[in-house]
Trainee: 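Can you keep this structure in mind? I'll have questions shortly.
Each ligand, and each atom within it, is numbered from 1 in the order the structure gives. We use all heavy atoms of the structure for the numbers below, so side chains are in, but hydrogens, waters and symmetry mates are not.
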Amino acid sequence: MKIIGLTGGIGSGKSTVTDYLISKGFHVLDADKVAREIVMPGSEMLIQLSSNFGKGILNEDGSLNRKKLGSIVFNDPEKKKKLDELMHTRILEIIHERIVLLREEYENSAEIAIKSDEGKKRKVIFIDAPLLFETGLDKSVSETWVIDVDDETRIKRIMKRDGLSRDEIVMRINTQMTRDEKKKRADVLLDNTGDLEKLYSQIDQLLESI
Ligand code: ADP
């Protein structure tokens, strides 16, 4: 079974690619969703975070006060490193657990899979991970797909999607791993400078060869 890690900078088209893959019946694990799930009120991770960064990072209802935590790590590289370490380790664990579960599920239904069109969809699990390379998750996948788009195009698309100003978007882009670095590490590069049809046809071609 192939595990494919999908990544790309903000506004490159990760959600768009994920939605398309899901519509085709493929399974996509969402690393950001896992990151949100592990800090639910009462979770082991919240206990660890509050023992590292103080009870002040919790709201009265026991949920995570992201602003507070953000302000604590913002200008403190050591604290930021600790936070990333705690979060990334747990996210990787959960993703691995889910892959094991899906593998079992797929193997149990292998007989149906062979007999139907479902076969291909069970040969691969995608992981949508904005921080695929930064977290080291790329080392656990069979292949990395990087969605690439020039900055001007993605700035325009994000402005339209989020209503942010150009400066805010540029600031966010500048905090991320550079486009060139991501491209260098890609096994497969998806060019999303064109229209959706062009993007989908690249995906269709790649899916053909799975
Ligand atoms: P990401 O998840 O990487 O941040 P999205 O998939 O949300 O990026 O794409 C950013 C925005 O650009 C979204 O509003 C999306 O609908 C739009 N978009 C993505 N690809 C295209 C494309 N090929 N043509 C036009 N708009 C696109």
Side-chain angles (χ1 to χ4, degrees), residues 2-39 66-67 70 80 83-84 87-88 91-92 94-95 98-99 121 124-210:
K2 242 186 192 176
I3 315 287
I4 298 179
L6 281 176
T7 195
I10 177 173
S12 59
K14 294 175 295 299
S15 306
T16 308
V17 172
T18 294
D19 289 348
Y20 186 67
L21 290 168
I22 291 172
S23 78
K24 294 264 160 187
F26 287 89
H27 205 106
V28 187
L29 294 173
D30 180 337
D32 270 357
K33 203 165 146 208
V34 172
R36 289 192 297 274
E37 283 169 17
I38 59 174
V39 293
R66 290 172 191 278
K67 260 201 182 143
K80 173 78 170 71
L83 173 65
D84 286 347
M87 288 293 290
H88 295 164
I91 292 169
L92 293 189
I94 301 238
I95 286 178
R98 298 212 175 146
I99 289 173
K121 289 162 198 167
V124 54
I125 298 170
F126 289 91
I127 307 173
D128 171 3
L131 299 177
L132 183 75
F133 299 120
E134 294 86 335
T135 55
L137 182 57
D138 59 315
K139 295 184 192 80
S140 309
V141 301
S142 341
E143 204 170 282
T144 59
W145 289 13
V146 170
I147 307 150
D148 181 59
V149 66
D150 63 280
D151 285 346
E152 198 44 45
T153 306
R154 66 175 164 148
I155 288 170
K156 288 212 177 88
R157 287 181 184 162
I158 304 168
M159 282 168 108
K160 199 166 153 203
R161 182 190 66 184
D162 299 337
L164 294 171
S165 72
R166 175 175 287 271
D167 284 352
E168 281 171 310
I169 298 166
V170 170
M171 220 167 71
R172 285 177 198 206
I173 287 176
N174 288 341
T175 63
Q176 298 190 331
M177 181 185 278
T178 63
R179 198 182 144 206
D180 276 351
E181 186 59 39
K182 285 199 169 90
K183 276 165 81 170
K184 256 194 249 162
R185 296 179 182 219
D187 294 319
V188 169
L189 206 58
L190 282 165
D191 174 12
N192 192 19
T193 43
D195 58 18
L196 287 174
E197 217 172 291
K198 283 210 178 100
L199 176 68
Y200 295 156
S201 79
Q202 292 171 69
I203 302 171
D204 288 340
Q205 260 183 6
L206 288 165
L207 294 175
E208 278 298 311
S209 60
I210 280 173

Trainee: Should the heavy atoms of other residues, nucleotides or ligands under 6.0 Å from NZ of Lys80 be counted, would the total exceed 12?
Mentor: no
Trainee: Please confirm whether the backbone N or O of Ile3 pairs with a side-chain atom of Ser142, one donor and one acceptor, at under 3.5 Å?
Mentor: yes
Trainee: Report, in ascending order of atom number, the atoms of ligand 1 lying under 4.0 Å from any heavy atom of Gly9.
Mentor: 3 (O)
Trainee: Please report whether ligand 1 has a polar contact with Leu199, defined as an N or O pair separated by less than 3.5 Å (distance criterion only).
Mentor: no
Trainee: What is the closest protein heavy atom to atom 8 (O) of ligand 1, and at what distance does it sit?
Mentor: Gly13 N, 3.1 Å
Trainee: Val124 versus Leu207: any side-chain heavy-atom pair under 4.5 Å?
Mentor: no
Trainee: Sort and list the pairs that fulfil salt bridge (charged side-chain N to carboxylate O under 4.0 Å, His left out) and have at least one residue in residues 159-179, not counting sequence neighbours.
Mentor: Asp148-Arg179, Glu152-Arg166
Trainee: Given Arg154, Glu197, Lys14, Arg157, which has its nearest heavy atom closest to atom 24 (N) of ligand 1?
Mentor: Arg157
Trainee: Of all the atoms in ligand 1, which lie at a distance below 4.0 Å from a heavy atom belonging to Leu196?
Mentor: 20 (N), 21 (C), 22 (C), 23 (N)
Trainee: Can you check whether Glu134 reaches Lys182 side chain to side chain, under 4.5 Å on heavy atoms?
Mentor: yes
Trainee: Please indicate whether any nitrogen or oxygen in Gly11 is less than 3.5 Å from any nitrogen or oxygen in ligand 1.
Mentor: yes
Trainee: So which protein heavy atom does atom 6 (O) of ligand 1 come closest to, and at what separation?
Mentor: Thr16 OG1, 2.6 Å
Trainee: What protein heavy atom lies closest to atom 20 (N) of ligand 1? Include the residue and the distance to one decimal.
Mentor: Asn192 ND2, 3.0 Å
Trainee: Does a donor on one side chain and an acceptor on the other come within less than 3.5 Å for Thr144 and Asp138?
Mentor: no
Trainee: For atom 10 (C) of ligand 1, which of Lys160, Arg161, Lys156 has the closest heavy atom?
Mentor: Arg161
Trainee: Heavy-atom distances under 4.0 Å decide this one: backbone, side chain, both or neither, for Asp195 against ligand 1?
Mentor: backbone
Trainee: Hey, does Pro130 sit under 4.0 Å from ligand 1 if you only count heavy atoms?
Mentor: no
Trainee: Can you name the one residue among Leu29, Ile95, Val141 that meets side chain to side chain contact (heavy atoms under 4.5 Å, CB included) with Ile125?
Mentor: Leu29
Trainee: Residues in salt bridge (Lys or Arg N to Asp or Glu O under 4.0 Å) with Lys198, at least two apart?
Mentor: none
